[in-house]
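The block underneath contains the structure these notes are about, expressed in structure tokens.
Just so we're clear, the structure is a prediction, and the values are computed from it rather than from any experiment. First the proteins, then the strands, lettered A, B, ... as listed; each starts at 1.
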Number of protein chains: 2
Amino acid sequence: MSLQNEVPAKPRKIPVQSRSEATVEAIFEGAIQVLVESGPRYLTTTRVAERAGVSVGTLYQYFANIDGLMVAILERHLRKVIDRVVAICAKQHGQPLSAMTQALTDEFIDAKTERLDVTRALYAVAYDLKGLELIEQLSERSVDAIRDMLTTAPDVAVDAPDQVAAVIHAAMAGVVQIVLGKAGKPTDLHALRYHIRHLVLGYLTSLGPSAR
Amino acid sequence: MSLQNEVPAKPRKIPVQSRSEATVEAIFEGAIQVLVESGPRYLTTTRVAERAGVSVGTLYQYFANIDGLMVAILERHLRKVIDRVVAICAKQHGQPLSAMTQALTDEFIDAKTERLDVTRALYAVAYDLKGLELIEQLSERSVDAIRDMLTTAPDVAVDAPDQVAAVIHAAMAGVVQIVLGKAGKPTDLHALRYHIRHLVLGYLTSLGPSAR
DNA sequence: ACCTGAACACCGTTCAAGT
DNA sequence: ACCTGAACACCGTTCAAGT
């Protein structure tokens, strides 16, 4: 049939023997390698299977199709980043706005640059997948955490915290995506941290800093 | 040979007869249609050729390969947006910072949303192409225009205007990309304009507004 | 329970042949 | 000068057959 199918997520089969756990892990590893070395256009079932040391048939036992594999890889990465954002937000409850901002933006950049090559490779994967409610669901968790943090700031009352949190998330993710997306130069992380911090903090104060 | 080739740009042949001008136009049209209706994963030579009413061979007369076609489509779109940014920046020389900001951010969003479906379809195309010095070259024009505008602001002196202009460009492009990327809801453009304006203006003032 | 690999439809690209 | 479409290597996906 045509390619015009949905994008199914996750392993279609849950490993019950330890042998297959190793297989799934090998597939992930192989996929990441192909992705980083050759880019998303070369992430083919053949190549991944070869790298992983399994046959194509095996790959299809765990992933509904190549998009399913892409989604699984992307999800893994996003979960790691979002988990860190959620954690840091919880930890900053009650801190002054500037401290919140710095902690949040620094943590976000740290998480995204821990494996910079993988992050870069995955930007393309993310956009290749249409729909992508997965990403929206995950970033919703992040937006919620940011909003909940903002409402506990002792020095400022943020209006419409839902919208504001969404903008902050988009600003961080968007700028980092554009800046890290540049394959060439090595990226000045110190400067990036500084500017994103001011972007977010400036935005928050510019909205009308209702002193509390 | 392998797919591991460079991404060549532009038509390999310049149309000299009016017949072929029409052919190139038809190919572009067909490609945009496929892209918008089915997404970047379905942008195949077969489909584009069929839509355009030409044979695959003809397509290859004007584009070195499928990536070349993608680049050409993307470039067309980016040029339109960047041209508008460059023009508005020139027009705002000498205006106060807040007026500059509003003009710039509004114009950017206008340009990106004029053909929202096409814009969305092209985000994926952009990331599919590795390297992409094209995009960097084009956005450099935009960054330069923003910097040149900023240095003429009568009310504020911006430090390190090069870096700042790059951040502003990335912030606008990044946020718009993330927000418009969400396929679901219709996007509240009015709110988007408002928040991006404050994001950029807040950033600029937060950097330390050296009153002039 | 898990793995293999041949089989088939489809895509990218080329090129000899046409007008 | 421009266009066609069969040909070939390769990719996604399936499934009968193996352990």
Side-chain angles (χ1 to χ4, degrees), chain A residues 1-8 11-28 30-31 34-35 38-73 125 128-130, chain B residues 1-8 11-28 30-31 34-35 38-73 125 128-130:
Chain A
M1 208 79 322
S2 118
L3 285 165
Q4 202 81 9
N5 292 321
E6 291 91 62
V7 176
R12 35 159 60 156
K13 153 183 260 182
I14 298 131
V16 301
Q17 288 184 6
S18 65
R19 173 169 52 145
S20 70
E21 276 177 43
T23 303
V24 173
E25 192 50 41
I27 292 172
F28 271 111
V34 172
L35 224 32
S38 314
R41 316 248 329 175
Y42 307 98
L43 189 77
T44 67
T45 50
T46 325
R47 264 186 265 258
V48 171
E50 193 183 23
R51 274 301 178 93
V54 300
S55 83
V56 266
T58 300
L59 196 154
Y60 277 92
Q61 234 180 340
Y62 296 100
F63 302 94
N65 55 33
I66 192 73
D67 284 354
L69 173 57
M70 284 173 144
V71 170
I73 297 168
V125 172
D128 262 350
L129 306 164
K130 305 218 317 173
Chain B
M1 210 76 325
S2 118
L3 286 164
Q4 203 80 9
N5 291 321
E6 292 90 63
V7 177
R12 38 159 59 155
K13 153 181 262 181
I14 298 132
V16 300
Q17 288 183 5
S18 65
R19 172 168 54 145
S20 70
E21 276 177 44
T23 303
V24 173
E25 192 50 40
I27 292 172
F28 271 113
V34 171
L35 223 33
S38 313
R41 314 251 327 175
Y42 306 98
L43 190 77
T44 67
T45 50
T46 325
R47 264 186 265 258
V48 171
E50 194 184 23
R51 272 303 177 92
V54 301
S55 82
V56 266
T58 300
L59 196 154
Y60 278 92
Q61 232 179 341
Y62 296 99
F63 302 94
N65 55 31
I66 191 73
D67 284 354
L69 173 57
M70 284 174 144
V71 171
I73 297 169
V125 173
D128 262 349
L129 306 165
K130 305 220 316 175

Side chains of B/R41 and A/D67 in contact at under 4.5 Å (non-hydrogen atoms) = yes
Here the distance between atom C1' of C/dC2 and atom CD1 of A/I27, to the nearest Å, is 12 Å
Distance test, side-chain N/O of A/Y42 to OP1/OP2 of D/dC11, below 4.0 Å = no
Side-chain contact check for A/Y60: nearest option of D/dC3, C/dC11, D/dG12 is D/dG12
Candidate nucleotides C/dA6, C/dT4, D/dC2, ranked by approach to the side chain of A/V54 - the nearest = C/dT4
With both distances kept under 3.5 Å, what pairs with C/dG18, Watson-Crick or G-U wobble?
-> D/dC2
Nearest to the side chain of B/Q61 - C/dC11, D/dC3, D/dA6?
-> D/dC3
Which one is paired to D/dA7, where only Watson-Crick or G-U wobble pairs with both distances under 3.5 angstrom count?
-> C/dT13
So does A/T58 get a side-chain nitrogen or oxygen closer than 4.0 Å to the phosphate oxygens (OP1/OP2) of C/dT4?
-> yes
So, do B/I73 and B/V125 sit near enough that their side-chain heavy atoms are less than 4.5 Å apart?
-> no
Taking atom P of C/dC2 as reference, at what distance in whole Å does atom CG of A/L59 sit?
-> 15 Å
Once you round it to whole Å, what is the distance between P of C/dC11 and CD1 of A/I66?
-> 16 Å
Under 4.5 Å between any side-chain heavy atoms of B/V48 and B/L43, yes or no?
-> yes
Whole-Å gap separating C1' (D/dG12) and CG (A/L69) | 12 Å
Applied to residues 50-65 of chain B, the salt bridge (Lys or Arg N to Asp or Glu O under 4.0 Å) test, sequence neighbours excluded, yields B/E37-B/R51
Of the nucleotides C/dG12, C/dC3, D/dT13, which one has an atom closest to the side chain of A/T23?
-> C/dC3
Which of C/dC3, C/dT13, D/dG12 is nearest the side chain of B/V56? It is C/dT13
Note: B/F63 and B/A72 closest approach over all heavy atoms is CE2-CB, 3.8 Å
Please determine, for the side chain of A/S20, which listed nucleotide (C/dC3, C/dG12, D/dG5) has the closest atom?
-> C/dC3
Would you mind reading off the distance between A/N65 atom CG and D/dT13 atom P, rounded to a whole angstrom?
-> 5 Å
What heavy-atom pair brings B/L59 and B/A49 nearest, and what distance separates the two atoms?
-> CD1-N, 4.2 Å
Closest-nucleotide 5' rank along DNA chain D - winner of A/G57 and A/L43 | A/L43
Taking OP1 and OP2 of C/dG12, is either one under 4.0 Å from a side-chain nitrogen or oxygen of B/T45?
-> yes
Starting from C1' on D/dG5, measure out to CD on B/E50 and report it in whole angstrom.
-> 14 Å
Please report, rounded to the nearest Å, how far the C1' atom of D/dT13 is from the CG atom of A/D67.
-> 12 Å
Separation of C/dC11 P from B/M70 CE (nearest whole Å) = 14 Å
Nearest to the side chain of B/T46, which nucleotide is it out of D/dT13, C/dC11, C/dT4?
-> C/dC11
